[in-house]
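This report refers to the structure that appears directly beneath it.
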Amino acid sequence: MADVMADPNSLQKKEETKKKQKRYPNKNYALKKRLPPRPVNGDNVLFITKKTNFKAQLDKCCDLLTRGEKEIILHGLGAAIQRCCNLALQLEILFSGTCQIEVNTGSVDLVDDLEPLTDELDFGSQIRHSSSIHIRIFRTAMLGSNQN
Amino acid sequence: MEAAEFDATLGGTEQLPFSANSLKFAASRSIEIAAMTESIQRTNHNKLIFQNLPVHMRRRVMSHNSKRLPIKLREAHTKQFKNNGFAVKQKRPSRKYRRRPQNLLDEYNRRQKRHKWLETHIWHAKRFHMIEKWGYRLAYAPCDKAFRACYRATSAHCLLQDISYVTPIEINGPVDTIKELFSSITSPSCGLGLCAKAYIDGKREGLIHLYQSNTYPFGYIGKLNFIWVPHKCKKTLWLFVHPSQTQEIESILTNLIYSNKNYDPEITKKRRKSSGMDENVKIKIKAGIFNRFRLTGPNSHAVLTHSLKCVESAKIKNDDWAKSYDDLNLEEKDEYWESLSTLNSPSQLPPKIIIGLIVKDPRLSRPSKRTKAIIETDTSFDSNIVLNIPSYASSSPLWDLNIHEKLKKKIMSNGEFIQHLTKTKIVPGDINENDPVLQSIPIILIQRPGSQDSDYKKIGYGSGWDIIVPAGYGLPFWLTFKMFGGRSGGLRETENLAFEMGECYFPPDSAAGKLEEKRIENELKEKYFRLPPSKRVNYIKLGINSPFICPWDLLLKDWCEEHIYDFFVLRDRQLLNQIQDSIDRKKLMPEIENSNSCLIPVYLTLKSRGNLKRHALICLPEVTDASNIKTLFEPHHEDPNEKHRKQKRKEHLKELKKSRKNRVKLKKQGHASNVTKRTNEPSEYVKNMRQLWLPSKIDSVRFIGTRQVLGYLSMGALSFSEARSCGIGYVAYNALSELLKMEQNRVLVRNVSSRKYWLANIQTVKNV
C-alpha cells in the first residue's frame with residue numbers, strides 16, 4: 001500500500017479521475033435528493049445539522065442531561081460529523097468528567113433521484129454513501145434525586 | 001308448647017295430605033283474596049297520588065309540574081288531574097325546535113343546490129369556519145386558532161385535508177392525437193410534457209401548466225396533475241383540475257377537439273391508411289366520483305400504514321365488483337406495501353409514484369381512542385425497495401368507472417355497521433378484521449415529494465401522500481385517519497403550505513388569480529372604510545397609491561415605454577435558472593423576447609429585522625442604503641385631499657341639519673313624510689369621500705416614493721420553516737435587470753402601512 005501511495009503518478013491519476021467525475025454534471029437530468037433514513041427517534045435523540053446555531057444545540061443537550069435523562073444520542077451525517085464531535089467534546093468539558101462518551105461510526109445509503117429534463121428519458125436513481133456518526137453521551141455520576 | 005299442627009315427618013301427630021286441590025284451596029282463602037283486591041283497587045280517596053309519597057320524595061309545586069314526580073306515578077297523576085277538570089298544560093317547545101326542518105335529509109339536499117357539499121361536509125361544519133368558493137362549500141380554517149399547530153403538523157406530524165373539490169377529467173383517445181391536442185396548450189420549456197416517457201407508463205403523476213391555445217407565454221390558465229392509466233392496449237388520461245379553472249379548461253379542450261374535427265376531411269385522404277387517427281377524442285368531466293384526501297408531513301406514512309391493510313385473494317371472492325377481474329396481484333401488492341411500512345417519511349420514496357391497493361374497510365382497523373401512529377423501525381434499511389417501482393404497483397381497478405355503481409350498492413352505512421357490531425356478534429363490539437360482510441375497497445395512493453432542493457427549503461418539507469377513494473367511502477377513511485393522529489386543515493392551511501414551500505398560489509396572470517385578487521381587494525377596502533376616519537391609515541401621506549391590490553399592468557407600463565394590456569409570469573425553467581445565476585453573481589440578465597410584459601416570480605427573505613405583509617412594495621436600493629438601513633424612512637408626503645375632506649364634511653353636516661329641520665317641520669304640520677327607500681349602496685357623498693381618501697384612478701406607480709418600485713409582494717408573513725419573515729412576489733423583468741446593472745442583489749421592501757424600508761435577499765421561486 002505504501003509504495004503505491006508514494007508513487008506520484010498513481011496519486012495524480014486518482015485525483016484526475018475524481019475531478020472528472022465532478023466536473024460534468026449530467027445536463028439531461030436534474031439531481032433531486034431524498035430524505036436519508038432516520039434511526040429510531042425518541043426524547044433523548046438529537047439529529048445534528050450544520051445549519052442550526054451551535055449554542056442552541058449545546059444548550060439543548062445540556063438541558064436534556066440536567067433534566068435527568070440518563071443518556072442522549074447524537075446522530076450526524078456527512079458535514080455535520082464535525083459539529084457532532086465538537087458538541088460532544090464541549091459537553092464533556094462542561095460536565096467535567098461526570099459524563100462519558102461512546103462513539104459509533106457507520107455509513108448510510110443516500111438515494112438521489114435523477115429527474116429527466118427532456119421528454120425522452122425516464123426517472124433514474126443513484127445511491128450515494130455518506131458517513132455517519134452516532135455519539136452516545138451518558139452520565140456516570142448522578143446526584144441526589146436523579147440517582148436510580 | 002302445644003304442637004297442634006306438628007308435621008308427622010318431624011315427629012308430630014298431624015298427617016299432611018298427599019295432594020291439594022287448588023280450587024278448594026282458593027275457595028277457603030276467598031275472604032283473604034277479596035280483601036286484598038279491594039285494598040288494591042279502592043285507593044285512598046282522601047289524598048292525591050303525590051300526597052301519598054314519602055316525605056323525602058315530595059317536591060315543591062309537584063302538582064303543577066308532573067316532571068317532579070317519579071316516572072311510575074306520572075301517568076296516574078295526570079289522569080287524576082284531568083278527571084278533576086284541570087287542563088294539562090303542555091310546555092310549548094322552543095322556537096328552535098319548532099323551526100327545525102321536518103326532513104333533515106331533504107333540507108340538506110336543498111342547501112346543496114346552491115353550493116355543492118363534500119362528503120365530509122357535516123364533519124367539517126361542526127369544527128371549521130366554512131366558506132363558499134368555486135361552487136363548493138369548503139372548510140376554511142379550524143375554529144381553534146391553530147396556525148402553529150398546523151405548521152407543526154406539516155413539518156413533523158400529519159396534516160389532513162379534504163381536497164375532493166378537484167375535478168377529475170377523463171380523456172379517451174389515441175395517444176398521438178392527445179399529444180397533438182395538448183401541444184398547442186402547453187409549452188416544453190415549463191417542464192416535462194404530457195406524453196413524456198416518465199409519465200406515460202402510468203407509474204408517476206405528472207404536472208403541467210396550461211395556456212390558452214397557441215398563446216404561450218400569455219394566456220396562462222393554471223397547473224394541473226395528470227395520470228396515464230394503461231388498460232389492456234389503450235391508455236386513458238386522467239386530469240385533476242382545480243375547480244377555479246375547470247370551466248376554462250373544459251371550453252378550451254372542447255374547442256380544440258371540434259377544430260380538429262373540422263380539419264379532418266382534408267387530411268383523411270392522406271391518413272386513410274392509419275385507422276387510429278380518425279378516432280374521436282372523448283372528454284368526460286367526472287366531478288364527484290372520487291374523494292381525494294391530502295396527507296402532509298412525515299407521520300402521514302405511519303398513518304397510512306396503520307389504516308390501510310391489504311386484502312387477500314381469498315376474501316376478494318366475496319366481493320361483487322371484483323368478479324370481473326381475474327388478476328389483481330393482491331399478494332405481490334401486499335408484500336410491497338408491507339416492505340414500505342418501515343419507512344419514516346414519504347419523502348424516502350421515489351417521487352410522485354402511484355400505488356394502487358385493495359384494502360379492507362377502514363372501519364375495521366380504526367382504534368377506539370385517538371392514538372398517534374408510530375412506525376416501529378428496524379435498524380436495517382434496504383435501499384433497494386425504494387429504488388425501483390415494481391410493474392404491478394400502479395395498476396388499480398378504481399379507474400374503471402363500471403365498478404363504482406356496484407361499490408356504491410354494497411356500502412354498509414355507519415348505522416348498519418354499528419348494528420352489525422353490536423347485535424350480530426357474540427361479543428358486542430368485537431371487530432373481526434376479515435369480516436366478509438364489509439367489501440374490500442380499491443384505492444390509489446400518490447406520493448408527493450415535497451421540497452427536493454436543500455438550498456431552498458429543507459429536504460422533505462411538505463412531502464406527503466394523496467389518497468383517492470371511491471365515492472361513498474369518504475367519511476370512513478377520513479375518520480380512521482383522524483383517529484390515527486392526523487390533524488385536519490382547510491383552505492387556509494393550503495395557502496400557508498404553499499407559502500411555506502415557496503410556491504406561487506394563484507399567480508396573477510391566470511383568470512383565477514385575478515378574481516382572487518379582486519376579491520381580496522374588495523374585502524380589504526370594505527374593512528378600511530368601515531373604520532372611523534380617525535382610525536384609518538392615511539395612505540396618501542405614506543406615499544402608497546394602491547394598498548389593497550398590486551397594479552401589475554401599471555408597474556410594467558412604467559418600466560417600459562408602451563402600454564401593457566396583457567402580461568405573463570415567467571415559467572421557463574432554464575431562464576429562471578439563468579436569472580438565479582445572474583442574481584447570485586451580480587451579472588447581467590439574459591435577454592428574452594416580450595421582456596416588457598414579463599413578471600419574474602421572486603422569493604424574498606428579510607436580512608435582519610422587519611415584517612413583510614401583503615402588497616408590500618419591492619424597491620430599488622441606492623448605493624448608500626446598505627450602510628444606513630436603520631435610519632432609512634420614506635419622508636411624509638403631502639395630502640392635498642385633507643382640506644377638501646374637512647370642507648366636505650362640514651358642508652355635509654350642515655345639509656343633514658337642514659334636512660332634519662325640514663323633516664321635523666313637516667311632521668309637525670302633519671304632512672306625509674317623503675320616505676326615501678334605504679338602499680345598501682353608499683350615497684354620493686360617501687362615494688366622493690372614499691375617492692378623497694383613496695383615489696381609485698392611479699396613473700403611475702414607479703416613482704411614488706423616494707425609491708423606485710420594482711415589484712410587489714402577493715403574499716408575505718412570518719415563515720415558520722425559515723424562522724424569519726418571508727414573502728412571495730413578482731418583479732418586472734426590466735426592473736430586475738436595472739437592479740443587476742447597479743450590481744446589487746438585495747432589494748428594499750416597504751410595507752403598505754409603514755414608512756420604513758428593510759433590506760431583503762431576493763431569489764427566484766423554484767417551483768412555479
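Order of the sequence lines sets the chain letters (A, B, ...), proteins ahead of strands, with each chain counted from 1.
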Between [atom1] of [X] and [atom2] of [Y], what distance do you get to the nearest 0.5 Å?
X	Y	atom1	atom2	value
A/Leu35	B/Tyr461	CG	OH	14.0 Å
B/Ser451	A/Lys32	OG	NZ	9.5 Å
B/Lys203	A/Phe123	NZ	CZ	12.5 Å
B/Ile374	A/Asn41	CD1	CG	10.0 Å
B/Gln452	A/Lys33	CD	NZ	11.5 Å

Q: May I ask you to decide whether B/Arg573 forms a salt bridge with A/Glu115, counting only side-chain N to carboxylate O separations under 4.0 Å?
A: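 Yes.
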
Option in [options] with maximal non-hydrogen atom pairs under 4.5 Å from chain A:
options	value
B/Ile375, B/Ile459, B/Ile389	B/Ile459
B/Asp453, B/Leu343, B/Leu349	B/Leu349
B/Pro350, B/Ser454, B/Gly193	B/Pro350

Do any N or O atoms from the side chain of [X] and from the backbone of [Y] form a donor-acceptor pair under 3.5 angstrom?
X	Y	value
A/Glu120	B/Lys197	no
A/Asp119	B/Leu192	no
A/Arg34	B/Gly460	no

Q. For the residue pair B/Leu387 and A/Ser125, what are the closest heavy atoms and their distance?
A. CD2-OG, 2.9 Å

Just checking [X]: does its [atom1] atom have more than 12 heavy atoms from other residues, nucleotides or ligands closer to it than 6.0 angstrom?
X	atom1	value
B/Arg609	CZ	no
A/Asp63	CG	yes
A/Gln82	CD	no

Q) Which bit of A/Ile127 comes within less than 4.5 Å of chain B, counting heavy atoms only: side chain, backbone, both or neither? A)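 Side chain only.
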
Q | Contacting region of A/Thr118 [heavy-atom separation from chain B under 4.5 Å] | A | backbone

Q | Residue B/Ser345 versus chain A: region with a heavy atom under 4.5 Å | A |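 Only the side chain of B/Ser345 comes within 4.5 Å of chain A.
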
